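Heads up: the structure comes next, in structure tokens.
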Amino acid sequence: MTGLQEKIFAIMKVFDRVCRENEFHYYMLGGTMLGAIRHKGFIPWDDDADFGLPRKEYERLLALPEDKFPEGFRLRHFSKEVGVPYAFARLEDERTTCIERRRSGTGYTGGVYIDVFPLDADVNVLPLRIWKELRVRFGKKLLYAHIAEPGAVKNPAKRMLMREIVKHTDAESLVKRLDGVVKAYGEKKEWFPQWGEARFSNYLGHWGRRESIPRRVFDGEIRQRKYFAFDLRRGEQIEAQPEGRSTEYEFEGHFFFGPVDSAAYLTALYGTDYMIPPARELRGGHPAAVIELEQSYKEKI
């Protein structure tokens, strides 16, 4: 592991311990899950870690008092403090500094982190998922006008448009709106039986609609598929298993939870060849303006 990965790994273990102590069912997501399967640890060029919890448990995590986390670690979220430019949570090591270049326009400072996403229930109807993805993308574009690094956008017309967006919106409201959009379809309704039950989604993640995945991939429970005009997969009924199941996977010698059907999850995001590393020129990360592994960001404020 690199020095940065060692810090991230320490945060991952804190997150895992807090979740186990409070009986939260979490899952490794994205490249973290891919790393567990393909490398049994970090993807060598990766520099972050992603986790997700079902919405109700995510909200319970946010409600935990600060003393539930070890000294030096802090869960940050827009509902807990002003100025957090994300619609998801981050668990940070306060003894370090990590200022990302792509979001440096906010003035937000923090430590090395892991991302913690809400997994919202989603509808099993493709046109509605497409509409939801478009709304989330639009919200992200508006928010980017507020958080982008000064000078990051070279096109003069785009810079002028971004200045106008900043004049007529505020970042805090946009973050709250994004949080509301990703919750869409999460409440089960009697007149719409496929609403809010069939899938887990993470539209705030990198892959958008591809991260809306049948819940059985995560928890192993097969749900009855009731007929609806847009739902072509219907009619099969299998006895359900208890909810909240997950599987432990080795990651750098430690064990973390991930989706029960890791192959289905990773195929949905990366395609069937997910075990083949990408070409060297396609291996990216999250460039940072400042990384200090032994100095707290609080000393820079």
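Keep in mind that what you see is a predicted model, and the values were worked out from it rather than measured.
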Quick one: does Glu211's side chain have a donor or acceptor within less than 3.5 Å of a partner on His206's backbone? yes

What distance separates Lys176 NZ from Leu174 CG, expressed to the nearest 0.5 Å? 11.5 Å

Is the closest side-chain heavy-atom distance between Leu126 and Arg209 below 4.5 Å? yes

Sub-4.5 Å side-chain heavy-atom contact between Thr247 and Phe257: no

Kindly indicate whether the side chain of Val123, heavy atoms from C-beta on, has any atom under 4.5 Å from the side chain of Arg129. yes

Is it true that Lys167 and Glu164 make a salt bridge, defined as a side-chain N closer than 4.0 Å to a carboxylate O? yes

Does CD in Glu294 sit with more than 12 non-hydrogen atoms of other residues, nucleotides or ligands closer than 6.0 Å? no

Do the side chains of Lys7 and Glu292 get close enough for a salt bridge, i.e. N-O under 4.0 angstrom? no

Could you see if Leu62 belongs to whatever hydrophobic cluster contains Leu29? Use Ile, Leu, Val, Met, Phe, Trp, Tyr and a side-chain cutoff under 4.5 Å. yes

Are Asp120 and Lys183 ion-paired here, with the side-chain N under 4.0 Å from a carboxylate O? no

Output the distance between atom CG (Leu75) and atom CZ (Arg90), rounded to the nearest 0.5 Å. 12.0 Å

After noting the C-alpha distance and the side-chain angles of Thr97 and Thr109, does the key distance pass the side chain to side chain contact (heavy atoms under 4.5 Å, CB included) rule? CA-CA 7 Å; Thr97 301; Thr109 58; 6.0 Å; no

Does Leu178 form a side chain to side chain contact (heavy atoms under 4.5 Å, CB included) with Leu143? I'd like the steps, not just the answer. CA-CA 9 Å; Leu178 261 179; Leu143 186 58; 4.1 Å; yes

Identify the two heavy atoms, one from Lys140 and one from Leu204, that lie closest to each other, and give their separation to 0.1 Å. NZ-O, 3.3 Å

How close do Arg210 and Ala268 get, counting heavy atoms only, and between which atoms? NE-O, 3.6 Å

Output all residues satisfying ring pair (Phe, Tyr, Trp, His ring centres under 6.0 Å) with Tyr270, sequence neighbours left out; order by chain, then residue number. Trp207

Which residue pairs satisfy the salt bridge (Lys or Arg N to Asp or Glu O under 4.0 Å) criterion with at least one member in residues 74-84, sequence neighbours excluded? Arg74-Glu81, Arg74-Glu94, Arg76-Glu81, Arg76-Glu92

Check: Phe218 ring centroid to Tyr265 ring centroid under 6.0 Å: yes

Charged N to carboxylate O under 4.0 angstrom, Arg55 versus Asp179? yes

Heavy-atom distance under 4.5 Å between the side chains of Val84 and Val175, does that happen here? no

Is it possible for you to say whether Ile291 and Trp45 belong to one hydrophobic cluster, with membership spreading through side-chain heavy-atom contacts below 4.5 Å? yes

For the residue pair Ile8 and Val112, establish whether any side-chain heavy-atom pair is separated by less than 4.5 Å. yes

Check ring pair (Phe, Tyr, Trp, His ring centres under 6.0 Å) between Phe42 and all other residues, then give those that pass, not counting sequence neighbours. Phe251

Start with the C-alpha gap between Tyr297 and Cys98, add the side-chain angles, then the distance that decides, and say whether side chain to side chain contact (heavy atoms under 4.5 Å, CB included) holds. CA-CA 7 Å; Tyr297 67 89; Cys98 179; over 6 Å; no

Measuring only between side-chain heavy atoms, which start at C-beta, is Thr32 closer than 4.5 Å to Met12? yes

Test of understanding: with ring pair (Phe, Tyr, Trp, His ring centres under 6.0 Å), list the residues that count as partners of His254, not counting sequence neighbours. Phe256

Transitively linked via ILVMFWY side-chain contacts under 4.5 Å: Tyr144 with Phe138? yes

Just how far is it from atom CG of Leu269 to atom CE of Met33, taken to the nearest 0.5 Å? 11.0 Å

Without swapping roles, check the side chain of Lys132 against the backbone of Val182 for a donor-acceptor pair under 3.5 Å. yes

Scan side-chain atoms only and decide if Asp219 and Tyr27 contain a donor-acceptor pair under the 3.5 Å cut-off. no

Working to the nearest 0.5 angstrom, can you tell me the gap between Leu161 CG and Leu142 CG? 9.0 Å

For a side chain to side chain contact (heavy atoms under 4.5 Å, CB included) check, start with the C-alpha distance between Tyr274 and Arg38, then their side-chain angles and the critical distance, and finish with the verdict. CA-CA 8 Å; Tyr274 61 84; Arg38 196 168 69 193; 5.5 Å; no

Those residues that, when tested against Ser79, pass side-chain hydrogen bond (donor to acceptor under 3.5 Å, both in side chains) (two or more places apart): His77

Looking at Leu91 and Ile11, what are the two nearest heavy atoms and their distance? O-CG2, 3.5 Å

So how far is it from Phe117 CZ to Ser201 OG, rounded to the nearest 0.5 Å? 12.0 Å

For Arg137, which residues count as a salt bridge (charged side-chain N to carboxylate O under 4.0 Å, His left out) partner, sequence neighbours excluded? Glu133

Any side-chain heavy atom of Phe255 sitting closer than 4.5 Å to one from Asp16? no

Tell me the closest heavy-atom pair linking Met275 and Ile37, and the distance in Å. SD-CG2, 3.8 Å

Let me see the working for Asp115 and Tyr86 under side-chain hydrogen bond (donor to acceptor under 3.5 Å, both in side chains), right down to the final yes or no. CA-CA 10 Å; Asp115 288 332; Tyr86 314 104; over 6 Å; no

Give the minimum heavy-atom separation between Tyr203 and Ser212, together with the two atoms involved. OH-CB, 3.8 Å

Do Phe24 and Arg60 have side chains that get closer than 4.5 Å, going by heavy atoms? yes

In Å and rounded to the nearest 0.5 Å, what is the CG to CD1 distance from Asp50 to Ile114? 9.0 Å

Minimum-distance pair of heavy atoms, taken over all atoms of Ala184 and Arg135: CB-NH1, 4.3 Å

